[in-house]
There are 2 protein chains.
Amino acid sequence: MANLRIPGPTPIPDDVRAALSTQMINHRGPEFAALLERVTEGLRPFFRTESDILIYTCSGTGVLEAAIVNTLSPGDKVLAISIGSFGDRFGAIAETYGAEVERLNIEWGGAAEPDAVRDALRGGDYQAVLVTHNETSTGVENPLRAIAQVVRAESKALLLVDAVSSMGCVPIETDNWGIDVIVTGSQKGWEVPPGLAMAAVGPRGWEAFKRAKMPRFYLDFGKHKDFADKGQPPWTPALPVMFGLDVSLKRMADEGPGAIFDRHAAAAANIRGQMRKLGLELFADERYASNTVTAVKVPTGVDGKALTAKMRTDYDTVIAGGQGKLAGQIFRFGHLGWFEQQELDDAVDALRKTLVDLGYRIPAGASA
Amino acid sequence: MANLRIPGPTPIPDDVRAALSTQMINHRGPEFAALLERVTEGLRPFFRTESDILIYTCSGTGVLEAAIVNTLSPGDKVLAISIGSFGDRFGAIAETYGAEVERLNIEWGGAAEPDAVRDALRGGDYQAVLVTHNETSTGVENPLRAIAQVVRAESKALLLVDAVSSMGCVPIETDNWGIDVIVTGSQKGWEVPPGLAMAAVGPRGWEAFKRAKMPRFYLDFGKHKDFADKGQPPWTPALPVMFGLDVSLKRMADEGPGAIFDRHAAAAANIRGQMRKLGLELFADERYASNTVTAVKVPTGVDGKALTAKMRTDYDTVIAGGQGKLAGQIFRFGHLGWFEQQELDDAVDALRKTLVDLGYRIPAGASA
């Protein structure tokens, strides 16, 4: 089995994998109702919300769309804060459905500083602010708490948050920080495969839902809530991932949110240190470097695409390349969800060997 | 393990269940590209199309929405043929996105006769006709081939077909019958869990896509095709179900489409016969009785909700009740995907015992 070190899907622990094979049940019967209740309550300590957590069968992009189409109307003014390709996507979805989107584009590698957000908010009377918590394409974690504080202090805008690759891995206080809608995907921090995504909707999110005129059916918040209230999904859900999540959330409760957050922070710090020892440069502004994915500049003279390909074929280690305009220029390590330090060390070792194979000279003083 | 006899999710064979536990892979790597190619080609002998088959992470309802939003514009005139609750849903989705929907509503239990469709088409210049092939809520299979013939002969309308609970179980000739878009869901005929859904898009479907102005992002045909052409999904897919489908499609190829269709037809005929022997009345017009789900009227004097509950608690057999306005009035047996005759016989036996427990008298001459 390859050492899979991309920023999701992540490797799955054996007990969770076994649960994926559970025989099918009636998704409208009492067993499912109990499962839905357990999973929803298991998510709550990571979402830190007393409001509704809705479970979708789709990818992270699907719940980004859900956040928009359930709270906005065509013509609404929206501030889309983007620090990378997923931030661009969030704004593009709003545009697709007819929102009037103003963009606060931060140079890739950087974060959205609260002051920049404050300035942008002063420019217009926005119905919503879209923000990516952890930008998977650049390895940057936005200072969400501070951004939320500014949005709440300076505007009446809804705050819609993409926490696809951060929730479950780093502390988020949905209610305390005043977040209206926040979404995540199963294949990132949750130690299960892709197939499910989750959206928490706070009181202001539900008020917006009542007014929102963008069309939706499959992704409708109301249909998800009405059925969840009777222990059912609105549509037939990805049951294997539900069965897996039932086990992974027990694992995560046993480890404890604090210990999980510490593990992610420690692994990220370790990886950043190891990259420096190899003489490599991080892509992200280090003040905002992500605790779930580390983006590294491909060193001069090395072909970035050859690097990821060779690591896979010669060292059975799978890392991610750069997306869009960063293709070939960076590579990315995932260190989120279920992992052990040894797997990360092995991946770094594979990287070192591959770099040497490709003619890169590790600077004097770097670890051998 | 309960005897699960609802019209999807269906029980999953052991080798497919084992495949669900496959460790994660990079969904943008060469392993996934090969998997996508195998699965797409494995679906083709059942779709009977040379055109694109797109794979979605969503339920059947999600691909119904995809069929509409990718081919139509707000204001388009649409004929929604409905013979039950899924037909109603197909029309409701079109209305949600601003289509001008005329309905051909057939009394539940009946099918849409080609003459009725011909008459309805003469009433207006429709951009699309929506039709459910197999109506899961009433146990009726529409005469799709004849309906398609009429639509093609009498109009220039696109033909969008819900084959969620028929594809893979009964013969469908997507290209030969002139179907423009046809969709199905993984948890019905495909011997795998829910989580994926598929849409085939023919040449006229793609032409319509170019003009269609309904908004979409997650469900976009074009994004699915562009990525599929390079061996990738547009968004992170429900990998366990993909792994399962890889195995189940090999099973289905081994059994052979013809043998699978015969098995479904024989099981359905058998179940209908057994219901008659118990003195029970079928809900569906027998000329159009479904080969994948059989709906039966709850006999006078028996509480329909007590019937399904008691079968579950006392005989560990799970059948479906009626949906919407049929709640308590009918019950439904699923006989689709992977099943063996013994499981159906056991379920009929459990039904017989439950009916007796509830005071029903099996008429003289019925089997004991």
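Numbered from 1 within each chain, the chains take letters A, B, ... in sequence-line order.
Residue contact with chain A, scored on non-hydrogen atoms closer than 4.5 Å, involves the side chain of B:Leu4 exclusively. Heavy atoms closer than 4.5 Å to chain A are found nowhere in B:Ala2, neither backbone nor side chain. Neither the backbone nor the side chain of B:Pro74 comes within contact range of chain A; no heavy atoms are under 4.5 Å apart. Only the backbone of B:Ile25 comes within contact range of chain A, with at least one heavy atom under 4.5 Å from a heavy atom of that chain. There is no contact between B:Arg28 and chain A, counting heavy-atom distances below 4.5 Å. With a 4.5 Å cut-off on non-hydrogen atoms, B:Pro193 touches chain A through its backbone and its side chain both. No part of A:Thr308 comes within reach of chain B, as not one of its non-hydrogen atoms sits under 4.5 angstrom from that chain. Residue contact with chain A, scored on non-hydrogen atoms closer than 4.5 Å, involves the backbone and the side chain of B:Ile93 alike.
Taking B:Asn26, B:Val16, B:Asp14 one by one and counting their heavy-atom pairs under 4.5 Å with chain A, the maximum is reached by B:Asn26. In terms of heavy-atom pairs under 4.5 Å with chain B, the best-connected choice from A:Thr10, A:Thr236, A:Leu196 is A:Thr236. Interface remark: of the candidates A:Cys58, A:Ala238, A:Gly195, A:Cys58 forms the most heavy-atom pairs closer than 4.5 Å to chain B. In terms of non-hydrogen atom pairs under 4.5 Å with chain A, the most contact-rich of B:Ala320, B:Pro215, B:Gly60, B:Ala92 is B:Pro215.
The shortest heavy-atom contact between A:His27 and B:Gly8 is CE1-O, 3.8 Å. Nearest approach of A:Leu20 to B:Pro240, heavy atoms of both residues: CD1-CG, 4.4 Å. For the pair A:Leu239 and B:Pro9, the tightest heavy-atom approach, listed with the atom from each and the gap, is CD1-CG, 3.7 Å. The shortest heavy-atom contact between A:Trp235 and B:Ser59 is CB-OG, 3.2 Å. Taking every heavy atom of both residues into account, A:Gln23 and B:Ile12 meet most closely at OE1-N, 2.8 Å. Contact detail for A:Thr96 and B:Arg216: the closest heavy-atom pair is CG2-O, 3.3 Å.
Expressed to the nearest 0.5 Å, how far CG of B:Leu64 lies from CZ of A:Phe217 amounts to 8.5 Å. For the atom pair OG1 (A:Thr22) and CE (B:Met1), the distance works out to 7.5 Å, reported to the nearest 0.5 Å.
Between B:Pro11 and A:Met24, every side-chain heavy-atom pair lies at or beyond the 4.5 Å cut-off. Contact check for A:Pro30 versus B:Arg312: side-chain heavy atoms found under the 4.5 Å cut-off. Within the 4.5 Å cutoff, the side chain of B:Pro194 has no heavy atoms near those of the A:Thr57 side chain.
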Applying side-chain contact (heavy atoms from CB on, under 4.5 Å), run through A:Ser21 and B:Ser21 and close with a yes or a no.
CA-CA 6 Å; A:Ser21 288; B:Ser21 289; 2.7 Å; yes
